[in-house]
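First up is the structure itself, then whatever we jot down about it.
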Protein chains: 2
Amino acid sequence: MNDLKLEDIAKLAGVSRSTVSRVVNASPNVGAATRKRVEKIIQTTGYHPNAAARSLASQRTNMIGLVIPRTTSAFFTDPYFPHLTQGVAFACNNHHMTLSLFLVGNQEDENEITPRLLRRGMLDGILLQSGNSDDMLFRRLISSHVPLLVLGRPFEEKSVNYIDVDNILAAKNATSHLIRLGYQRIGMITGAIRSTTSIDRQAGFKQAMAEAGKTIDPSLIVEGDFSENSGYVAMKKLLPFRPDAIFAQSDVMAIGAMRAVQEAGLQIPKDVAFVGFDDLPVASTLPIKLTTVHQPITHFGIKAVDLLIDMIEKGTKPAKRMILDAELIIRDSCGGNSNNRPIVQGVEFEGSALKAPA
Amino acid sequence: MNDLKLEDIAKLAGVSRSTVSRVVNASPNVGAATRKRVEKIIQTTGYHPNAAARSLASQRTNMIGLVIPRTTSAFFTDPYFPHLTQGVAFACNNHHMTLSLFLVGNQEDENEITPRLLRRGMLDGILLQSGNSDDMLFRRLISSHVPLLVLGRPFEEKSVNYIDVDNILAAKNATSHLIRLGYQRIGMITGAIRSTTSIDRQAGFKQAMAEAGKTIDPSLIVEGDFSENSGYVAMKKLLPFRPDAIFAQSDVMAIGAMRAVQEAGLQIPKDVAFVGFDDLPVASTLPIKLTTVHQPITHFGIKAVDLLIDMIEKGTKPAKRMILDAELIIRDSCGGNSNNRPIVQGVEFEGSALKAPA
DNA sequence: GTGAAAGCGCTAACAG
DNA sequence: CTGTTAGCGCTTTCAC
C-alpha cells in the first residue's frame with residue numbers, strides 16, 4: 001500500500017527531498033510551517049523511510065548484534081540468558097535500535113554467522129557474550145572494525161572493552177557468609193571450568209577460605225557447567241565426602257544439588273546448607289528459599305547497551321571496563337537468615353582500575 | 001582494515017564489478033578460472049560485501065523479525081520463549097538469515113517498534129507471537145506489506161497465516177487420561193484467559209469431560225496466567241474444593257500448583273494427580289516426574305521459519321496454516337505411569353482444514 | 001530555511 | 001561467460 005519514497009512525499013508537499021529528509025530526521029533547520037505540512041503528509045500517506053537506503057547513505061544501521069557463542073553451554077536452558085536478552089532488548093528500544101540475535105549453535109553456525117557479523121552496513125556494534133575460551137570468533141571480532149563490547153571478562157583483556165560483575169568479591173562474600181555461620185566442610189560446585197566467570201568465582205571462594213585461615217579439601221570442589229543437571233550430578237559426587245555447606249556457582253546448579261540432597265534423605269540447611277549465585281526469580285519461591293548472590297542481570301544488559309552506544313557514537317576508545325557489584329541475598333538455604341543487607345549500587349568508571357571501590 | 005568495495009576487488013582481479021558480484025553470490029555464470037582468481041583475492045583481502053548496499057539494490061535484507069507483543073505476559077520468565085527463540089535462531093542460521101528480536105515491553109515500546117517493523121528495506125518477513133488479543137500491533141502488521149506468520153492461533157483467523165499446535169486435541173487427550181484413571185473431581189488451571197492458547201485448551205478439557213458424560217464443577221476451574229506463581233495461587237484457591245486431579249495448562253503452573261499441594265501436606269499423585277502442558281526439560285527431572293503434553297517447541301520455531309521463508313520466496317499465499325500435534329507423555333504425577341505412547345509426527349497441510357487428521 | 005547534486009556500494013537486466 | 005549501464009532510496013555537503 002505504501003511504496004512511496006521520499007521523493008513522492010516531497011512532491012506532495014511541494015518541497016525538495018532534502019527538506020522531507022530533514023523533517024524525518026528531526027533536523028532543526030526546517031521552518032515550522034514547512035515541517036507541519038510535511039509531517040501531515042507523512043501521517044496521511046503512512047510513509048516510512050526505507051531502512052536499507054538510509055543505512056547506505058548514512059553509514060548507520062541502528063542495529064546492534066547480541067552474539068552468544070557456542071562455547072557458552074546451555075545458553076537458553078539457563079534463565080540467565082533470557083533475562084540478559086530482555087535487558088538488552090529493552091535498552092535497544094529506548095535507543096531506537098534494533099537488536100539482532102546471533103545464537104551460535106556449533107562450528108557450522110559459527111562459519112555461517114561470522115561473515116554476517118563482519119559485513120559492513122549490517123551492525124553498528126556488537127555485544128559478545130564471553131565464552132569458555134577466547135576462540136576464533138572472539139579473535140575475528142576484536143580485530144574487526146565493529147565497535148565491540150564483551151559481556152563478562154574475556155580471557156585476553158588487553159585492549160578489549162568489557163562489562164562484568166565483580167565475581168571475585170561476590171563469591172568471596174558468599175563464602176565468607178558460610179564460614180561466619182560456622183560451617184566446617186564447605187564445598188563448591190563450579191561452573192564451566194574454562195569460563196572466566198567460574199574462574200573468578202573460584203578465586204573469590206579461595207580468598208575467603210584463605211583469609212579465614214581454612215584449608216581447602218580438594219574433594220569438596222566439584223566441576224559443574226552451570227546447568228541444573230550438572231549440579232545434581234556434582235552433588236552426588238560430593239555427598240560421600242560429607243560437606244556441611246555448598247557454594248554453588250549458579251542458582252540452577254544449587255537447585256540441582258538440593259534435589260540430590262533431598263533424594264539422599266538429608267535436610268536443608270540442617271545437614272547441608274546452600275548458597276547460590278544469580279538470584280533468579282525462582283530462588284525466592286523455592287520450598288527452601290535460596291540464599292544467593294544477586295546479579296543485576298537485566299540492568300547489566302541495559303548498561304551494556306548504553307556503553308556500546310557510547311562507543312559507537314564517540315568512536316571506540318581504549319579499554320573501557322565497567323564492573324557492577326553483586327550483593328549477597330540471605331534467605332533460608334544457608335541456615336542463617338537474619339540481616340538482609342541492601343543491594344549496593346553498581347559503580348561505574350573507566351581506565352585501568354579493575355574493581356569498583358567497595 | 002577492509003573498507004574495500006566490490007570495485008576494488010574487481011580492479012585487483014582485472015574483471016568487472018558484475019563478475020565479482022556473481023562470484024560473491026555464487027552465480028553459475030562465471031568461468032572456473034575467473035571464479036578462482038576472484039575468490040582468492042576476496043580471501044586475501046578479507047572483503048565482505050556491504051549489507052545495506054546489497055539490500056537496497058536487491059530489495060532483500062535476509063533478515064526476519066521475531067515479535068513478542070506485550071500482551072504476552074511473562075515472555076521470558078516462561079521457558080517456552082527461550083526455547084522457541086532458539087528454534088527460530090537455529091533455523092535462521094540454516095537459511096543464512098539474520099534474526100531480529102522485538103520484545104514489546106509496554107505501550108511506549110510498541111509505538112517505538114511498530115514503525116521499525118513497517119519500514120521497507122528492514123525485514124523480509126515477520127514472525128509474530130499471538131498475544132492475548134489481536135491488538136493494534138497485530139492489525140497494523142497484517143495490513144502491511146510484510147510477509148507475516150503468526151505463532152499460535154490468532155483471534156481473527158481470516159486470511160492470516162499461522163502455525164500452531166493442536167491445543168484442543170492435546171488438552172482433550174490429557175483430560176481423558178485423567179478421566180480414564182478414575183479421578184472424580186478433575187480441576188483445571190487455565191492460562192491467561194484471553195489467549196487463544198488457553199481458550200483452545202479449555203475447549204479440549206470440556207470436550208473430554210462432555211464425552212465422558214461428566215459435568216464440570218465451575219469451582220474447579222481457576223484462572224492462571226501461565227506463570228509459576230499463578231499456578232501456586234490458583235492451587236491455593238482450588239484446594240478447599242478438594243480436587244483429586246488437576247490439568248494445568250502449562251508445566252510451570254503445574255510446578256507452582258504442586259508446590260502448593262505439598263505445602264498443604266498432601267501427596268502427589270495420591271491425593272492430587274497432575275497433568276501439565278509443554279514438557280519442558282524440567283518436567284522429567286522433578287522429584288515427582290510430571291505427566292504432560294509434549295510441545296515440539298524448538299521444532300515449532302524451525303517450522304515457522306521454514307514456512308515464513310516459503311512465503312517470502314513464493315509471495316504470500318492465501319491463508320496457510322500448519323498445525324502440529326502435541327502428544328501426552330505419561331510419567332508419575334498422574335498416578336498412572338505405564339504405557340508411554342510414541343510421539344506422533346506433526347502433519348502439514350494447507351487450505352481451510354483446521355486440524356490434522358489423527 | 002531550502003534546494004540541487006553527488007554519491008553510499010551493490011544488483012540486475014541487457015548486450016555482446 | 002563477461003562487461004556496461006542503470007538504478008535501489010536516502011543523506012549530506014554546498015550553494016543560495
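So that the names make sense, note that chain A is the first sequence line, chain B the second, and so on, each numbered from 1. Not measured: the values here are computed from a predicted model.
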Any luck finding a side-chain donor-acceptor pair between A/His95 and A/Asn62 under 3.5 Å? no
Between atom CG in B/Asn62 and atom P in C/dT11, what is the gap in whole Å? 11 Å
Pairs touching residues 42-52 of chain A that satisfy salt bridge (Lys or Arg N to Asp or Glu O under 4.0 Å), sequence neighbours left out: none
Using a 4.5 Å cut-off on heavy atoms from C-beta on, say whether the side chain of A/Tyr162 contacts that of A/Ser130. no
Which residues satisfy the side-chain hydrogen bond (donor to acceptor under 3.5 Å, both in side chains) test with B/Arg116, sequence neighbours excluded? A/Thr98, B/Glu112
Which is the 5'-most and which the 3'-most nucleotide of DNA chain D that has an atom under 4.0 Å from a heavy atom of chain A? D/dG9 to D/dT13
Checking A/Ala91 now: which residues fulfil side chain to side chain contact (heavy atoms under 4.5 Å, CB included) with it, not counting sequence neighbours? A/Ile302, A/Val305
Atom CZ of A/Arg120 and atom P of C/dC10 are separated, to the nearest Å, by 10 Å
Contact residues, residues 8-21 of chain B to DNA chain C [heavy atom, < 4.0 Å]: B/Arg17, B/Ser18, B/Ser21
Exactly one of A/Thr114, A/Leu127, A/Leu128 should register a side-chain contact (heavy atoms from CB on, under 4.5 Å) with A/Val67. Which one does? A/Leu128
By side-chain hydrogen bond (donor to acceptor under 3.5 Å, both in side chains) - contacts of A/Ser21 (at least two apart): A/Asn25
Have a look at A/Asn50 and say if it touches a base, only the backbone sugar-phosphate, or nothing, with a 4.0 Å heavy-atom cut-off. sugar-phosphate
Which residues satisfy the side-chain hydrogen bond (donor to acceptor under 3.5 Å, both in side chains) test with B/Ser16, sequence neighbours excluded? B/Thr19
N/O donor-acceptor pair under 3.5 Å between A/Thr61 side chain and A/Ser55 backbone: no
Contact list please: residues 51-61 of chain A against DNA chain C, heavy atoms, distance less than 4.0 Å, in numerical order. A/Leu56, A/Ala57, A/Gln59
Produce the list of close N/O pairs, under 3.5 Å, pairing protein atoms with atoms of nucleotides 14-16 of chain C; give distances to one decimal.
none

For A/Glu7 and C/dG3, give me the distance from atom CD to atom C1', rounded to whole Å. 13 Å
Heavy-atom side-chain contact between B/Val24 and B/Tyr47 under 4.5 Å: yes
Can a side chain N or O of B/Tyr47 be found less than 4.0 Å away from OP1 or OP2 on C/dC10? yes
Whole-Å gap separating P (C/dG9) and NE2 (B/His48): 16 Å
Would you say the side chain of B/Asn161 lies within less than 4.5 Å of the side chain of B/Leu307, judging by non-hydrogen atoms? no
Heavy-atom pair of closest approach, residues B/Leu103 and B/Ile113: O-CD1, 3.7 Å
B/Asn25 side chain near C/dT11 phosphate (N/O to OP1/OP2, under 4.0 Å): yes
Quick one: list whatever passes side-chain hydrogen bond (donor to acceptor under 3.5 Å, both in side chains) with A/Glu313, sequence neighbours left out. A/Arg60
What salt bridge (Lys or Arg N to Asp or Glu O under 4.0 Å) pairs are there with at least one residue in residues 28-42 of chain B, not counting sequence neighbours? none
Evaluate the side-chain proximity of B/Phe300 to B/Val88: yes if any heavy-atom separation is below 4.5 Å, no if none is. no
Quick one: bend of the helix from C/dG1-D/dC16 to C/dG16-D/dC1 from 5 pairs per end, to 10°? 30°
Any heavy-atom pair between the side chains of B/Leu137 and B/Phe102 that's under 4.5 Å? no
Atom pair distance, as rounded to whole Å: CG in B/Asn29 and C1' in C/dA13: 13 Å
